[in-house]
Amino acid sequence: MNKDEVAQILNEIGTLLELKGENPFKTRAYVNAARTLEGMTESLEKVVTENRLGEIKGFGEALQDKITKLVTTGSLPYYDELKASIPPGLLEMLGVPGLGPKKVKALYEKLNITTLDELDAACKAGKVAGLDGFGEKTQQKICEGITFRRTYASRHLLSDALVLAEPILDSLRSHPDVIRCSTAGSLRRNKEVIGDIDFLASSKNPTAVIEFFCQQPGILNTSAKGDTKASVILPGGIQADLRVVSDSEFPFALAYFTGSKEHNIVMRQRAINRGLRLNEYGLFRSDVETRDPLLLVPCKTEEEIFAQLDLAYVPPELREDHGEFLAAEKNEIPRLIEWTELKGSLHNHSNWSDGRNSLEEIARHMSDLGCAYWAITDHSKSSPQANGLYPERLRQQLVEVCKINERFAAEANEFRLLTGSEVDILAGGKLDFEDDLLAELDVVVASIHHRFSEGEAETTKRLIAAAENPYVHMLGHLTGRLLLEREPYKVNQHAVIDACAATGTWIELNGCPDRLDMDWRLWHYATSIGVRCVINCDAHRLESAGFLRLGAGVARKGWLTKADVINTLPLPDLMVELKKKRGKTG
DNA sequence: GCCGTTTTCGGCCCGACTGTTTTCAGTCG
C-alpha cells in the first residue's frame, strides 16, 4: 500500500474516532499523521523497510505499528473493525452544515438514523427537535442543509470563486466606509478547490459595510447578517462571508482568516514560545488569552506580525505548514513567480483538432495580448475523439504556421507561433508519432488520454518512457485528474518526477481550472531535484489565455520562481532551451 | 495518540456563533 492510500485510511480512522466520541487529540494525532505522509517526499516503503518511521515527528509507537502493517500487508484489522462498527451513512451526515460528530452520534444512538434520507425523513416528521441539545431551529437547519447539499456541491473550483469574488472585492473597496479590504481564506491562498469565499474589511462603520455587502448584485440569499459579519449565497451555491473589523485589528484578522488552520496553529505556538499570545484581534504581551489593548504589540501589516515572531514575510499561497516556517526563519522565502512574467503558453489547440479558433485568429489574439509566443500543439491521431492529426495534416499545419509567422515578420511584429504536438502516450509508453516527425516540431508535449484504468506500475512506466524520448520536451497533465469530477489515474508521481530530472524533461502545470495538474504539493520536490515547470493554458479557445494567470497563482503554492518556469523566457532563450534535450546547439 | 531544559502525566490553539439553555455544549474556522 502506498503512502497516499495509507494517508487516506489514517484520515478515515480520525473521522471514525470522532464519531465514536473518542478523545479529540487522539483523533488529531491520526489526521496529523495523514498530513505528514501526504507531504512526505521519500518512499514510504523505504522508510518502513529501514525502520525509520520513529524518526518522524508525530509517529509514536501505535502509529508506527499501524502504518507498518498497512504498508507491508495492505490491511489493518483495527481499521476494519472500526469501520464495521459504524454505519457508512454517518460519514455523509457529517457533511451537513451544523452537524458535527457529537450530533451525528446522538442522532444515531437516540433515533437510529444511519443515512441522509432517514435524517431528512426524521426532520420532516419533527422527531429531531425533541432530542436533548436539538430544537426546532436545529431541525430546520438540518433540513435546509440536506437540500443545499443536494442542490449544490459544497466545493468549488478556484476559478469559479475568483470570477464571483473579484467584482465584490472591487465594489467593497470603493465604499467610502471601507478602509482596507481583502479576500482571505483558501481563495487568498490560491487553493485549487475552495469551500467558501471569505472577505475581510476594516471600517469605523461596520453596519454600513455589512448592509452594502448584502446588497451586492447576484446574491441569491442572505443566510446570516449581524453587526460585524454576514454570509450570503452567490450564484452556483457558493457561500461568501464578510467580516468587518477595526483598522488596527485588520492585519491580525487578515492573517488569522487567511489560514491555513495548520499554519495558524504554528503561528500561535511561536507566539506562546515568545511569551506572547496571538489571536485574530492582535498579538499581546501576555501568557494568557487576552484582548487588552494595553498589552498589544502594534503591527500595521502582516509583515510586521511575522517580524515579531522572527519570521520573514510568508506569502499567503505558502501558508500551508509545508515548510514555510523553516524557510522564513532563515529568510529563505523565495520571490514567487508573477503571472505577468509569463511570455506565452506551450500547450494549446486550434481548430485543426478540437480547438475553436483558427491559427490566424489565435496568433493575432495572443500577439495583441502581449504574448511573445504561443505554441500550437494539436492532438495526435490516436485521439480521434479530439480530431487528432495524422502526420500528413500535421506537416500541412507546419506550412501554415510558417506562413503566418512570415506575415508577422513582414509587419515587424516579433510575436511567433510555435509548431508542435500534444502527442499521445500509447500503451507501453510508445508515442503516437515517429521520432523523425517529432524532430520537425518546435514543441512536443506528451500526454496520456487513453487506458486511464491501467495499474500504477504500467502508467508510471508509460510516462517514464515518454520522458526518456529525446524529442519530448514536457509531460502534459501528469495525472489526468478533473477536479471535483474525475479522480487522477494511478501513477507514482515521484518516480516520474525523478525520471524527468534524469532526462531533462519539463513537467507541465496545466492551467485549466479543473486540472491544475501537476499538483502544487509536488513542485517543491520537483524543483529541488532540478525539474523545470511549464505553465500552460491547454487553450481550446481564445479566452483560455487567462489560464496563465490561474496557473501562475497555483504555481506560487508550489514555491515556483521565475527561474523554475520555462515560459518566462523570452523567445530566443526559449528556442535555446527547446533544443537542449535534443543535443543540438543554438 | 503524541510529547517532554517546567514534564513519563497532563496537557494538546482558541474565540465566535448558534441554539439551547439560563450557564453551556457543539460546531466552525
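First the proteins, then the strands, lettered A, B, ... as listed; each starts at 1. Atoms considered below: every heavy atom in the structure, side chains included; atoms not considered: hydrogens, waters and symmetry mates.
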For the residue pair A:Lys66 and A:Tyr78, would you count it as a cation-pi contact if the rule is NZ or CZ under 6.0 angstrom from the ring centre and within 45 degrees of the ring axis?
yes

Judged by nearest nucleotide, the residue sitting upstream toward the 5' end of DNA chain B, A:Leu131 or A:Phe59, is A:Phe59

Nearest-angstrom distance, P atom, B:dG15 to B:dT22 = 25 Å

Separation of B:dT22 atom C1' from A:Asp132 atom CG, nearest Å, is 15 Å

Applying the 3.5 Å cut-off to both distances, the Watson-Crick or G-U partner of B:dT8 turns out to be none

note: A:Asn32, atom CG; B:dG1, atom P; distance rounded to Å ~ 14 Å

- Take atom C1' in B:dC12 and the same atom in B:dT6, then report the distance between them in whole Å. 16 Å

Could one point to a donor on the side chain of A:Tyr281 or the base of B:dG15 with an acceptor on the other under 3.5 Å away? no

With the threshold set at 4.0 Å, does a side-chain nitrogen-carboxylate oxygen contact exist between A:Arg243 and A:Asp198? no

Whole-Å distance, A:Leu94 CG to B:dG26 P, equals 14 Å

Query - Nearest-Å distance once atom P is located in both B:dG29 and B:dT23 - result: 29 Å

#### Entry: Under 3.5 Å donor-acceptor, A:Lys141 side chain and A:Glu136 backbone
no

Here the distance between atom P of B:dC2 and atom CG of A:Asp65, to the nearest Å, is 10 Å

| message | Work out how far the C1' atom of B:dT21 is from that of B:dG26, and round it to whole angstrom. | response | 13 Å

Query raised in the report: Are A:Glu22 and A:Lys105 ion-paired here, with the side-chain N under 4.0 Å from a carboxylate O?
Result: no

Is there a side-chain contact between A:Arg28 and the phosphate of B:dC13, meaning an N or O under 4.0 Å from OP1 or OP2?
yes

- Just call it for A:Asn23: base, sugar-phosphate, or nothing, with non-hydrogen atoms closer than 4.0 Å on any strand. base

note: A:Arg243, atom CZ; B:dC17, atom P; distance rounded to Å ~ 8 Å

Quick note, A:Ala29 side chain, CB onward, closest among B:dC14, B:dG19, B:dG1 is B:dG1

A:Lys191 atom NZ is separated from B:dG29 atom C1', nearest whole Å, by 13 Å

Taking for A:Phe25 and for A:Pro101 the nucleotide of DNA chain B with the nearest heavy atom, the one nearer the 5' end belongs to A:Phe25

Base, sugar-phosphate, or nothing: which does A:Lys105 touch, judged by heavy atoms less than 4.0 Å apart? nothing

When we call it a touch if two heavy atoms are under 4.0 Å apart, what does A:Leu99 touch: a base, just sugar-phosphate, or nothing?
sugar-phosphate

- Using the P atom as the reference point in each nucleotide, state the distance between B:dC2 and B:dC13 in Å, no decimals. 16 Å

Quiz item: So, A:Glu324 side chain and A:Asp321 main chain: donor-acceptor pair closer than 3.5 Å or not?
Solution: yes

At 4.0 Å (heavy atoms only), tell me whether A:Glu136 reaches a base, stays on the sugar-phosphate, or touches nothing. sugar-phosphate

A:Ile265 atom CD1 is separated from B:dG29 atom P, nearest whole Å, by 15 Å

| said: Classify A:Lys261 by what it touches in the nucleic acid, base, sugar-phosphate, or nothing, heavy-atom distance under 4.0 Å. | reply: base

_So A:Pro24, base contact, sugar-phosphate only, or nothing? Heavy-atom distance under 4.0 Å._
nothing

N-O pairing of A:Arg28 and A:Glu18 below 4.0 Å | no

Spacing of the C1' atoms in B:dT20 and B:dT27 (rounded, Å): 14 Å

- prompt: Would you say B:dT20 has OP1 or OP2 under 4.0 Å from some side-chain N or O of A:Thr138?
  reply: yes

* To do: Look at all strands and tell whether A:Arg277 reaches a base, only sugar-phosphate, or nothing, counting heavy atoms closer than 4.0 Å.
  => sugar-phosphate

Quick note, A:Tyr256 side chain, CB onward, closest among B:dA16, B:dG29, B:dG1 is B:dG29

Report task. For A:Arg180 and A:Ala201, indicate whether the former's side chain and the latter's backbone hold a donor-acceptor pair under 3.5 Å. Result -> no

Separation of B:dC12 atom P from A:Arg268 atom CZ, nearest Å, is 12 Å

